[in-house]
Amino acid sequence: MALPTFPLEATTPAQAALRDEVRAFLAEALTDLPARERARSWTGFDAGFSRKLGERGWLGMTLPKEYGGHDRSAVDRHIVVEELLAAGAPVAAHWIADRQSAPLILRHGTEEQRRTILPRIAAGTCFFGIGMSEANSGSDLASARTRAEKTADGYVLNGTKLWTTYAHKAHYMIVFCLTGQAESRYGGFSQVLVDMSLPGISVSPVLDIAGEHHFNEVSFDNVLLPPDALLGKEGDGWAQVMSELAFERSGPDRFLSSFVLVDELLRCLKRMPGAAETSDLGRMVARLMILRQMSLSVAGRLARGEQPVLAAAIVKDLGALFEQDVPEIARRVLHENASDPEYAAVFRRILLAAPSFSLRGGTREILRGIIARGLGLR
Amino acid sequence: MDSSTYSMVLETSEKLFAGCGGEGFDPALWLAAEEAGFPLALLSEEHGGFGFSAREAFAPVRVAAACAVALPLGETLLANWVASLAGLGTLEGPVALAWSGVAAMPFGRYLRTVVCLSKLDGGVGLSLLHPAAELWHAGTNHAGEERDVLVATEPVAPQARVAMSPVALRAIMSTLRTVQMAGAIEAVADMCLRYCNVREQFGRPLGKFQAIQHQLAILATHSCAATVAADMAVAAFETLATQGEEVFIPTAAAAKLRAAEAATAAASIAHQVHGAIGFSEEYPLHLLTRRLWSWRDEDGSESQWAEYLANWAQTQPERGLWPALTACDLAKVA
Ligand SMILES: Cc1cc2nc3c(=O)[nH]c(=O)nc-3n(C[C@H](O)[C@H](O)[C@H](O)COP(=O)(O)OP(=O)(O)OC[C@H]3O[C@@H](n4cnc5c(N)ncnc54)[C@H](O)[C@@H]3O)c2cc1C
């Protein structure tokens, strides 16, 4: 049978020390950040904070030293990320760049692209957007219509991307687009590195159900790209984007988005009436404990150079279910929640963010399709 | 962890147990398992064992569960481990641990020895009983595995003790069920996949329908979670001496709970995708699902462990859950 393996990862003393160091830093750096802000999880944006992390060497950790990175393992990075998310640190500014754009550029970029961009990502001063989805191309990414037409001096980019998280703050966007004629459904695509300061780019906000602005519509109107904007090989866009998604799918961001609510719930239970039956709470803790080890195990496999696509999809599917259950469990366990304003604000934020947990980064249905393929059913 | 030993143990137990599934205790198979040394594997060589790691020693237990074999393998393994810890030497098997006064004991009527546990100040007391077969009142769990009540027990004074909390011992016993559940869930998933690849309706194998694919995907996520849960509990059992009860008990509790949740989901999906054939006595699916329905509540019911863990989380200091969770991480031994 084709079930993936999740070998347990044991923590070295150096890794335990790293965890302590990050935790101590955060206790200090976030003292004044109220829980309702920490509840934004990885959509909380603070460029100054990202720069501080860069100074500490906690961004671009897995990048080679020659590109400003720190030659650390995927497991070390995992530990830092866990601590950041558990504390509700505002990590959005560098999030996409550190998680997926940097590894993508390292793997497929030219020497020039690596030298100019990676050190800035590691310093926490260069932010990225993911330009995959469009109005008519969501799960079915191969139906994307944005096109970069090759000319004598580079490319001309036309089209509109949608749902682009923090495009309004990004220095670059990696745009998935057509560059050639498609011989097959997945052919003819490339990824281009778009400098967001170029003329012809307009970014307009799209508000979410809580009235918050994080994602955007991004239009490209005859944007002239230099030839070296191409990232990777022309025509390899599909394969590149699929391997990029694997980085996106198994990290602690896939089960810790609502952790601040867990903390707040426990705080309130200490002094507010809760259900006599708290077994839901116990079950929730159990799921979290096992998810942590599953996700850590995937980090271990990444660190050994493997490509655990199936295992990553499994972690993300279970993780999203967990994150979405947290507010529902909180409702059942705590009798009333309006009298503590901080709790109430955190609860609402998580409740209203929860639908996105099983959409962003590949929907639940798409993930289950990937798992089914891994099981040999498709 | 000696991985070559591990794969050797897996191979030996698969050879021994494959195709031997059934409802109740199989005396001939028990002798074969004893011959292979499985029930004593946790003991050091000087005590007649193999000095296996916990992972290696629990491997046959997982395989036996996957093969739907009813043997007090894990029970004997753990009872001998506790007995040797208390200096009681090697016990004649089958043996099981049982709390005095507790209703049903696994495979009671076949046990040569019962290690009767009682709470003492700062530990657990042990006394050995050798009840005659007629003293057992026969019963079974949902799966037809023997769960017998000892009718007349006079209180026996503890002959020995272990410096371990009663709840730690309970967590050790529950780890056996966690490992069994992980093994059986994986076997259920395997059975479902094979069935959905061959059974055709509407001109296609069931596995080609997206609705079925998604059910099998969910089953796979639960199977992986249960396996990780069991590995975690066994690893924490292994490091009990170094990392302590504070790490082992919550880990084992979480593992039992998570495996129980997976068991419920797996049994439900498996019966759904199998249709009526899976509901028939003739088809072997129920040998696994009925065990899952039993094991999820044996040695600490799902709700008891859930309450335990809820209380554990609630008694941490403010914002202390996270540090408590990371303190349970497996530490690499130098
Ligand atoms: C908060 C948030 C941030 C995001 N940030 C970004 C970003 O930065 N960059 C970016 O490019 N995108 C981003 N996205 C977009 C995200 O990638 C898409 O929402 C996702 O890929 C799904 O596409 P869609 O929303 O068009 O839904 P659709 O693809 O239209 O799907 C709608 C529903 O149909 C189901 N469905 C679709 N196809 C199938 C199928 N074959 N079988 C069964 N069911 C199916 C889906 O699972 C879903 O339930 C973001 C989304 C959110 C919510």
Side-chain angles (χ1 to χ4, degrees), chain A residues 1-13 15-16 19 23 82-83 86-87 259 262-263 266-267 269-270 274 277-294 296-297 310-311 313-314 317-318 321 333 365 367-378, chain B residues 186 189-190 193-194 196-197 205 207-208 210 212-218 220-229 231-232 235 250-251 253-259 261 302-314 316 318-323 325-326 328-334:
Chain A
M1 192 180 32
L3 283 179
T5 57
F6 288 85
L8 289 186
E9 220 20 72
T11 314
T12 64
Q15 286 166 340
R19 193 185 279 289
R23 193 174 290 170
E82 257 203 339
E83 287 301 315
F259 187 75
V262 176
D263 258 352
L266 289 170
R267 176 179 67 79
L269 279 173
K270 282 193 188 295
E277 243 276 339
T278 51
S279 57
D280 274 351
L281 189 65
R283 263 181 262 273
M284 178 178 81
V285 171
R287 285 164 71 191
L288 177 56
M289 288 174 76
I290 279 66
L291 263 168
R292 283 193 63 235
Q293 300 307 322
M294 295 179 86
L296 181 62
S297 164
L310 176 57
I314 286 174
D317 190 30
L318 288 172
L321 285 168
V333 172
E365 289 69 27
L367 290 173
R368 290 185 178 161
I370 293 170
I371 298 168
R373 178 169 295 125
L375 297 175
L377 294 164
R378 298 173 59 200
Chain B
E186 197 173 330
D190 189 33
L193 278 173
R194 277 188 282 121
C196 290
N197 276 327
K208 292 292 165 203
Q210 197 190 46
I212 298 288
Q213 289 176 353
H214 285 198
Q215 288 306 303
L216 295 176
I218 296 170
T221 66
H222 281 291
S223 179
C224 291
T227 300
V228 171
D231 289 348
M232 285 168 66
T251 304
K256 175 81 165 36
L257 265 174
R258 187 60 186 89
E261 185 186 330
E302 204 175 323
S303 56
Q304 281 170 321
W305 284 118
E307 283 298 331
Y308 176 86
L309 213 55
N311 186 54
W312 177 77
Q314 285 179 274
Q316 302 300 330
E318 195 159 304
R319 293 189 65 191
L321 177 62
W322 184 255
L325 293 178
T326 60
C328 291
D329 286 348
L330 187 61
K332 193 163 264 168
V333 272

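Numbers restart at 1 for each chain; the letters A, B, ... are given by sequence-line order, proteins then strands.
Proximity to chain A (any heavy atom under 4.5 Å) is shown, for B:T221, by both the backbone and the side chain. Neither the backbone nor the side chain of B:W305 comes within contact range of chain A; no heavy atom of the residue lies under 4.5 Å from a heavy atom of that chain. Using a 4.5 Å cut-off between heavy atoms, B:E261 touches chain A through its side chain atoms alone. In this structure, the portion of B:I218 lying under 4.5 Å from any heavy atom of chain A is its side chain and not its backbone. Heavy atoms closer than 4.5 Å to chain B are found in the side chain of A:L318, but not in its backbone. With a threshold of 4.5 angstrom between heavy atoms, B:Q316 approaches chain A through N, CA, C or O but not through any side-chain atom. For A:Q15, no part sits under 4.5 Å from any heavy atom of chain B, backbone or side chain. Only the side chain of B:N197 comes within less than 4.5 Å of a heavy atom in chain A; its backbone stays farther off. For A:P4, the parts sitting under 4.5 Å from any heavy atom of chain B are the backbone and the side chain alike. Contact annotation for A:V333: neither backbone nor side-chain heavy atoms come within less than 4.5 Å of a heavy atom of chain B. If you measure heavy-atom distances from A:R23 to chain B, the contacts under 4.5 Å come from the side chain alone. Contact annotation for B:P323: both backbone and side-chain heavy atoms come within less than 4.5 Å of a heavy atom of chain A.
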Please test B:L325 against A:M289 for side chain to side chain contact (heavy atoms under 4.5 Å, CB included), starting from the C-alpha separation and ending with a verdict. CA-CA 7 Å; B:L325 293 178; A:M289 288 174 76; 3.4 Å; yes
For a side chain to side chain contact (heavy atoms under 4.5 Å, CB included) check, start with the C-alpha distance between A:S297 and B:V228, then their side-chain angles and the critical distance, and finish with the verdict. CA-CA 9 Å; A:S297 164; B:V228 171; over 6 Å; no
Please assess B:L321 against A:F259 for the test side chain to side chain contact (heavy atoms under 4.5 Å, CB included), listing each intermediate value before the final yes or no. CA-CA 10 Å; B:L321 177 62; A:F259 187 75; 4.2 Å; yes
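Checking B:W322 against A:E83 by side-chain atom types alone, a donor-acceptor pair falls below 3.5 Å.
Looking at A:K270, its side chain never comes within 3.5 Å of a backbone N or O of B:E318 through a donor-acceptor pair.
Distance CD/A:Q293 to CG/B:L330: 7.5 Å, rounded to 0.5 Å. Within the model, atoms CG of A:L367 and NE2 of B:H214 stand 9.5 Å from one another, a figure rounded to the nearest 0.5 Å. Within the model, atoms CG of B:D329 and CD of A:E82 stand 7.0 Å from one another, a figure rounded to the nearest 0.5 Å. Note: A:S279 OG to B:Q304 CD = 11.5 Å, rounded to the nearest 0.5 Å.
Contact check for B:Q314 versus A:T278: side-chain heavy atoms found under the 4.5 Å cut-off. Here the side chains of A:L375 and B:Q213 are not in contact, with every heavy-atom distance at 4.5 Å or above. Within the 4.5 Å cutoff, side-chain heavy atoms of B:M232 are placed close to those of A:I290. Within the 4.5 Å cutoff, the side chain of B:T326 has heavy atoms near those of the A:R292 side chain.
Contact record, B:C224 with A:L3: SG-CD2, 4.2 Å, taken as the closest heavy-atom pair. Contact between B:L257 and A:G282 at its shortest, heavy atoms only, is CD1-O, 3.7 Å.
Interface remark: of the candidates B:K208, B:E307, B:R258, B:E307 forms the most heavy-atom pairs closer than 4.5 Å to chain A. Heavy-atom pairs under 4.5 Å with chain A peak, among B:A331, B:P205, B:S303, at B:A331. Looking only at heavy-atom pairs under 4.5 Å with chain B, the residue among A:T5, A:L321, A:T12, A:L291 that has the most is A:T12. In terms of heavy-atom pairs under 4.5 Å with chain A, the best-connected choice from B:G207, B:A226, B:A255 is B:G207. For chain B, the option among A:D263, A:L281, A:L377 with the highest count of heavy-atom pairs below 4.5 Å is A:L377. Across A:R368, A:R267, A:R373, the residue that shares the most heavy-atom pairs under 4.5 angstrom with chain B is A:R368.
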